[in-house]
Amino acid sequence: MSDRHSAHHGAADDALDRPDGQVVDETGPRRHDEAADDDYGHPGTDDHTHPDAGGYTHPEPVEEFFVAQDVPQRAGSGSRRTPSEAKRRRRIRRTVVLLVVLALFAGTVYGAALMLRDVLGLNDVKDYAGPGGEETVFTVSEGAGALAIGTGLETADIVADSVTFVEALGAIADGREVQPGEYEMRLQMSSSAAAEALLGEDPTLVSYAAVARDLRQGEVFDILADSTGIPRAEFDALAEDPAQFGLPDQALSLEGYLHPGEYRFDVEATATDILTEMITATTDRLAQDGVTDPDEQYEILTVASIVQAEAQEGDYATVAGSVYNRLKPGNTETNGLIQSDATVTYGLGTRTYQLTDEEKKDTSNPYNTYANPGLPKGPIGSPSDEAIDATVNPADVPFYFWVTVDLDTGETKFSETYAEHLKYVAEYEAWCGDNPGRCE
């Protein structure tokens, strides 16, 4: 190695020892060959050459030496960036990359969290706020418990969560139970509001009464007396004057007009108020079916009460058509006789499937449709809306006879002739023989 080369390294080593990190060449001024500026966009070679070194090519690029030592760019460098500027740009690039990576990581974590919440059901709404929106009617079935009611409310979107509703109901129940019936409610109610609507803060504000279809007047009065605390005698006395409720003169009582349903009577309601509400519900239903004349309403209710007592709901219209066939002039199959066991037992004040020949022949019973042609003196019970609808719109059938051959399934068979009817009666009697005590 030449002395000149050793001198060069000595100068460089001296520069490293200087606190300001600058290079001082004691042998004379030093320049960068313009050919070495290719890294900054200028044409030339990659070699850095000292002109006073006899064309000797340095094994290390001078520019890299300056960058490594963070030496400020000397004047006359043209458009070349300073080493500090290059470092600053690299730091910016690293910061941007880091921010992008962090953003991607945060997005991935957030998405995973949302997915986990969905899997665990954490996104499910547990309760709605406020009293709710659109009005709706919710039916509580007989014997339904709190959980069954809550499930029904959740399914109908009245409450958000059945368990939350059950908790809200338990908080105010104090041993009370939700009574069966129809309730006016709203969609998307809070659980507490729904519980209040079904149970109420003060159970003494209303008297609840459940009146089933096909009940007779006396049976309805027993229910009303038990529910309201009003003596039954008050209801009986009012029933002796049907005209005060707008019933036709031929009405013997309120029978047939006491509409079945679930009632919540105001505790201040009188016996007159209660009966008026029930009768109005019946006449309103008849009016919906286009029957507004009081005498026609009375006839419809009489036939509908027979249909209610004699048939299953699916057979209402067919039985109604058969009854009207028996009432047609010129009927030679039954000669105008309806021959309903239910009417006879009503007149006897009993409920049975078995009648004696003497009972069927007793003309003194105004409800005996075996002995007396035409309709009985009046309704024999409270017909449902479905029975009323079927009576107003009876099926067009050729039948005159019907008999339920299976009291468990309600299977009913219809016939046009008495001879065919007797075959079905034999089926009924055989069923009674196989089921002792059921046909009494």
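Below, each value reflects all heavy atoms present in this structure, side chains not excepted, and no hydrogens, waters or symmetry copies.
Between Asp236 and Arg232 there is a salt bridge, with a side-chain nitrogen of the basic residue lying less than 4.0 Å from a carboxylate oxygen of the acidic one. No salt bridge links Glu182 with Arg264; every basic N to acidic carboxylate O contact stays at or beyond 4.0 Å. At a threshold of 4.0 Å, the pair Arg438-Asp408 counts as salt-bridged, since one of the basic side-chain nitrogens sits closer than that to a carboxylate oxygen. We find that Glu386 and Arg285 are not joined by a salt bridge, their nearest charged nitrogen and carboxylate oxygen being 4.0 Å or further apart. The existence of a salt bridge linking Glu427 and Lys413 is confirmed by a sub-4.0 Å separation between a basic side-chain nitrogen and an acidic carboxylate oxygen.
With respect to Arg213, the side chain to side chain contact (heavy atoms under 4.5 Å, CB included) criterion is satisfied by exactly one of Pro260, Ser382, Pro383: Pro260.
Judged by distance alone, the side chain of Asp396 and the main-chain N or O of Gly321 form no donor-acceptor pair under 3.5 Å. In terms of modelled atom types and a separation under 3.5 Å, the side chain of Thr164 and the main chain of Lys126 share a donor-acceptor contact. Side chain of Ser207 to main chain of Val267: no donor-acceptor pair is present (N/O by atom type, distance under 3.5 Å, no hydrogens or angles). A donor-acceptor pair is defined here as one N or O able to donate and one able to accept, closer than 3.5 Å; no such pair exists between the side chain of Thr292 and the backbone of Gly290.
Closest of all the heavy-atom pairs between Ala146 and Phe165 is O-CE2, 4.0 Å. Residues Ile306 and Pro376 share a closest heavy-atom pair of CD1-CD, 3.9 Å. Contact detail for Tyr298 and Ala251: the closest heavy-atom pair is CE1-CA, 3.5 Å. Minimum interatomic distance between Val159 and Tyr128 (heavy atoms only, all atoms of both residues): C-CE1, 3.6 Å. Contact between Val403 and Val425 at its shortest, heavy atoms only, is CG1-N, 4.2 Å. Closest heavy-atom contact between Ile230 and Ala271: CD1-N, 3.7 Å.
For the pair Arg326 and Phe401, the distance from NZ or CZ to the six-membered ring centre is under 6.0 Å and the angle to the ring normal is within 45 degrees.
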Derivation of the side chain to side chain donor-acceptor pair (under 3.5 Å) call for Tyr316 and Asp389: CA-CA 9 Å; Tyr316 285 169; Asp389 294 343; over 6 Å; no
Run the side-chain contact (heavy atoms from CB on, under 4.5 Å) test on Leu198 and Leu153 for me, step by step, so that the C-alpha distance in whole Å, both residues' side-chain angles and the decisive distance to 0.1 Å come before the verdict. CA-CA 11 Å; Leu198 293 176; Leu153 290 171; 3.9 Å; yes
Where do Thr352 and Thr350 land on the side chain to side chain donor-acceptor pair (under 3.5 Å) test, with the steps shown first? CA-CA 6 Å; Thr352 179; Thr350 62; over 6 Å; no
Can you check side-chain contact (heavy atoms from CB on, under 4.5 Å) on Val303 and Tyr324, steps first, answer last? CA-CA 9 Å; Val303 175; Tyr324 281 120; 4.0 Å; yes
Applying side chain to side chain donor-acceptor pair (under 3.5 Å) to Thr283 and Gln297, what does each step give before you reach the verdict? CA-CA 8 Å; Thr283 55; Gln297 289 181 340; 5.7 Å; no
Begin from the C-alpha positions of Leu301 and Leu286 and carry the test side-chain contact (heavy atoms from CB on, under 4.5 Å) through to its verdict. CA-CA 9 Å; Leu301 290 175; Leu286 288 163; 4.0 Å; yes
After noting the C-alpha distance and the side-chain angles of Leu258 and Leu275, does the key distance pass the side-chain contact (heavy atoms from CB on, under 4.5 Å) rule? CA-CA 7 Å; Leu258 303 175; Leu275 295 180; 4.0 Å; yes
With side chain to side chain donor-acceptor pair (under 3.5 Å) as the test, would you mind laying out the steps for Glu420 and Ser415 before giving the verdict? CA-CA 6 Å; Glu420 185 181 11; Ser415 54; 4.6 Å; no
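Looking at heavy atoms from C-beta onward, Thr280 lies out of side-chain contact with Phe245 at the 4.5 angstrom threshold. No side-chain heavy atom of Arg186 sits less than 4.5 Å from a side-chain heavy atom of Thr136. Counting heavy atoms from C-beta on, the side chains of Phe414 and Ser322 come closer than 4.5 Å. Contact check for Val323 versus Trp402: side-chain heavy atoms found under the 4.5 Å cut-off.
Annotation for Glu177: atom CD does not count as buried by contact number, only 12 or fewer foreign heavy atoms lying within 6.0 Å. For Lys377, the NZ atom is loosely surrounded, since the number of other residues' heavy atoms within 6.0 Å does not exceed 12. For Tyr418, the OH atom is loosely surrounded, since the number of other residues' heavy atoms within 6.0 Å does not exceed 12. Heavy atoms from other residues, nucleotides or ligands lying under 6.0 Å from CG of Asp284 number more than 12. With a 6.0 Å radius and a threshold of 12 heavy atoms from other residues, nucleotides or ligands, Asp174 has its CG atom at or below the threshold.
One distance of note links CD1 of Ile338 with CG of Asn325; it measures 11.5 Å at 0.5 Å rounding. The structure places CG of Asp289 at 9.5 Å from OG1 of Thr391, a figure rounded to the nearest 0.5 Å. Note that CG of Asp241 is 12.0 Å distant from OG of Ser253, once rounded to the nearest 0.5 Å. With rounding to the nearest 0.5 angstrom, the CG atom of Asp222 is 11.0 Å from the CD atom of Gln217. Here the straight-line distance linking atom CG of Leu215 with atom CD of Gln308 works out to 9.5 Å at 0.5 Å rounding. A distance of 7.5 Å separates OG in Ser305 from CD in Glu255, rounded to the nearest 0.5 Å.
Side-chain contact of Ser191 with Glu167: a donor-acceptor pair under 3.5 Å is absent, judged by distance alone. Between the side chains of Thr334 and Asn331, at least one donor N or O lies within less than 3.5 Å of an accepting N or O. Thr404 and Glu411 form no side-chain donor-acceptor contact under 3.5 Å, judged by distance and modelled atom types alone. Side-chain atoms of Thr276 and Asp273 form no donor-acceptor pair, as typed in the model, at a separation below 3.5 Å. Between the side chains of Tyr346 and Asn368, not a single donor N or O lies within less than 3.5 Å of an accepting N or O.
Ring planes of Tyr263 and Phe265: parallel class, angle under 30° (limits at 30 and 60°).
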